[in-house]
Amino acid sequence: MSTEPWWRRAVVYQVYPRSFADSDGDGIGDIRGILQRLDHIAALGVDAVWLSPVYVSPQVDNGYDISDYQAIDPTFGTLADLDELIEAMHARGLRLVMDLVVNHTSDQHPWFQESRDPASPRRDWYIWRPGRPDPDDPGATLPPNNWSSVFLGSAWELDPVSGEYYLHSFTPQQPDLNWAEPAVRQAVYAMMRWWLDRGVDGFRMDVINLISKPEGLPDAEQGNQLEMVVNDPGLHRYLAEMRREVFDAYPDRTFLTVGEMLAVTPEQAVLATDPARRELDMVFQFEHMDVDHGALGKYDPQPLDLRALKASLARWQEMLAGQGWNSLYLNNHDQPRVVSRWGDDVRYWRESATLLGGVLHLHQGTPFVYQGEEIGMTNYPFARPEDYRDVEAARAYEIATMMGLPEELILGSMARMSRDNARTPMQWDGDAEAGFTTGRSWLPVHQNHLWLNVAAQQDDPHSVLSFYKRLIALRKAEDVITTGSFRLLEPDHERLWAFVRESGDQRLLVVANVSGDPLRLPAGDPFAALDGGRLLIGNYPDGAGDAPGGAEGGAGAEPGVLRPWELRAVYV
Ligand code: GLC
């Protein structure tokens, strides 16, 4: 029996169902839409799909607020549709990883509704506390502690029914489950087994490092609850218990588990992903995605400092090597589109989209491709507050306005950072609604769908789509990408992203020019070997590795010079 789990050589594709493909013309994507577009996913060569939530939900946070874990929201279809999806995917050799959102439920979940009654046996399924007396107003109370929610504002909501506050790490409509209550954990595990019995191949676990709260819920120094919660040691107990109670019940199957972990350190990630500790397979960390956050956080975006980005990823490569396992991503449904964020989506759109994807995929770990990334989809030109649909954007706008920040500044940051950028419809073709729906889409379609779409890139060997297909295929063919060691070169260079991957006698040099100006490579080893080496992949047509006759190092380029946003990976 092979000891290497399948996900070590896998690439995962993320589907955000609301925006992927609409089969019934209501303007919202659905499961039958995914079925219709499965050939596109299979043709990419990926191994698995992570499907964002399709469970019954009031959709306050687009399905990340679940009111029934074991049924499909009618917006997305039926359980029969989902069974069909599992079957159709398995028939194509694709696995299905479902989203598991168990830090919180919807406030409409029957568990929470029952829990609001202090006498209910489910009272302890959520986190209820009396308020603190308000020194300024004898009749009133203040929240039990100073924690703020991830979506800003207090993390506590006073429930008029029971006169106590409940904890919500996200919106008030997303009350946190109380994992300290054994019955909660057993209910979650039973639900997970129910999905695995249906054929599901794993879970992406939403904000999983928030489930264990510190004893006594003490005030946070900075008022930010994350600093109190994310390193709580109880997490590892729960994850190990989940492994035993859920996944160990299927000794003949190998699942994929990836835990989304806010503010996680590499040390914590090693604990969570060291195979010997039997917790998770990998985590989604945020350090590299936060390098452009300013003093006020996410909605205070700063220009990219490449040194910080490459140092962060390199640190995770080194710290997890041989111990844990990395996930690799630059896009998902919570992040603006990376080609707009850190690339150049105007002048060097194709080059920068492929450079960013290429550099990421040549790190060690399991890459995740977010829908639309494989064709280089860009941010949407949001202008007015009412253009947004995301609950996080609405809260950020409200709070920034309350703080008295200038409207222009707020709208500018929202346009750059809003999650809605990732959620505009998938661009299938140049038709009115980009082939996403026959009706009217729930979020506007980007105008650039006229030329930026799957159909236009399908048969073009130099398209972003064709590049991603080659990249995904490389992972299967080249052992050094999966197993090779990682060494960052020129860490202080502001435009050059360079590293070496090594395994046995294979030595792969990756160089990328993260700028719109030509870049002369440093002299000496290993850069001197670039032009004479065997090109594995590059993002300029004349040095793309698929050029007739087999290109060397990158014909068309001046020796030792990278062109704007050029990437090359060369065996040296
Ligand atoms: C995760 C999800 C995000 C959601 C939040 C609350 O970060 O990816 O979309 O809003 O958790 O569930």
Side-chain angles (χ1 to χ4, degrees), residues 12 14-20 29 49-67 69 73 76 97-109 112 126-127 147-153 155 157 166-177 179 188 203-211 224-226 229-230 235 257-264 280 282-290 293 297-299 327 329-337 368 370-371 373 388-396 414 417-424 443:
V12 184
Q14 183 191 353
V15 169
Y16 192 67
R18 175 171 282 272
S19 308
F20 190 64
V49 170
W50 151 28
L51 180 61
S52 278
V54 288
Y55 315 98
V56 176
S57 159
Q59 304 289 331
V60 169
D61 189 15
N62 289 357
Y64 284 92
D65 49 317
I66 298 169
S67 53
Y69 286 110
D73 197 287
F76 298 122
V97 174
M98 296 286 274
D99 219 305
L100 181 80
V101 189
V102 290
N103 173 67
H104 45 266
T105 67
S106 160
D107 64 344
Q108 301 306 308
H109 197 295
F112 184 73
Y126 294 83
I127 300 171
W147 294 2
S148 62
S149 99
V150 176
F151 288 166
L152 312 173
E157 185 79 4
Y166 64 88
L167 182 72
H168 58 86
S169 294
F170 295 87
T171 69
Q173 293 82 29
Q174 292 164 295
D176 282 39
L177 281 164
W179 274 68
V188 168
F203 294 102
R204 173 270 184 185
M205 304 178 184
D206 193 65
V207 294
I208 201 68
N209 66 333
L210 302 191
I211 58 179
N224 176 354
Q225 69 126 316
L226 290 183
V229 174
V230 294
L235 170 69
T257 58
V258 48
E260 186 198 27
M261 296 202 176
L262 302 180
V264 66
L280 299 176
M282 61 193 93
V283 307
F284 284 136
Q285 54 98 4
F286 285 79
E287 190 183 281
H288 68 299
M289 297 310 291
D290 293 352
H293 292 187
K298 163 176 178 175
Y299 286 103
S327 75
Y329 76 96
L330 290 172
N331 289 283
N332 63 36
H333 66 292
D334 293 329
Q335 301 289 343
R337 295 282 180 179
F368 286 71
Y370 177 64
Q371 68 185 38
E373 174 183 343
Y388 296 89
R389 292 289 169 277
D390 181 20
V391 60
E392 186 201 55
R395 281 174 75 90
M414 280 171 64
M417 298 308 281
S418 167
R419 307 194 297 181
D420 280 333
N421 282 306
R423 301 174 180 184
T424 62
L443 249 190

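What you are looking at is a predicted structure, and each value in this text was computed from that prediction instead of being measured. Both ligands and their constituent atoms are indexed starting at 1 by order of listing.
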| request: Run through ligand 1 for me and note each protein residue having a heavy atom under 4.0 Å from it, chain first, then residue number. | output: D61, Y64, H104, F151, F170, Q174, R204, D206, V207, E260, H333, D334, R419, R423
| remark: In terms of heavy-atom contacts, Y126 and D176 come closest through CD2-O, 3.3 Å
| query | Who are the side chain to side chain donor-acceptor pair (under 3.5 Å) partners of S106, not counting sequence neighbours? | reply | none
| query | Listed by chain and number, what are the side-chain contact (heavy atoms from CB on, under 4.5 Å) partners of R389, not counting sequence neighbours? | reply | D420, W442, L443
| task | Report yes or no: does S57 contribute a side-chain atom to a donor-acceptor pair with the main-chain N or O of D65 at less than 3.5 Å? | result | yes
| task | For Q173, check side-chain contact (heavy atoms from CB on, under 4.5 Å) against everything at least two apart and list the hits. | result | V60, D107, T171
| When the aromatic ring centroids of F151 and H168 are compared, is their separation below 6.0 Å? | no
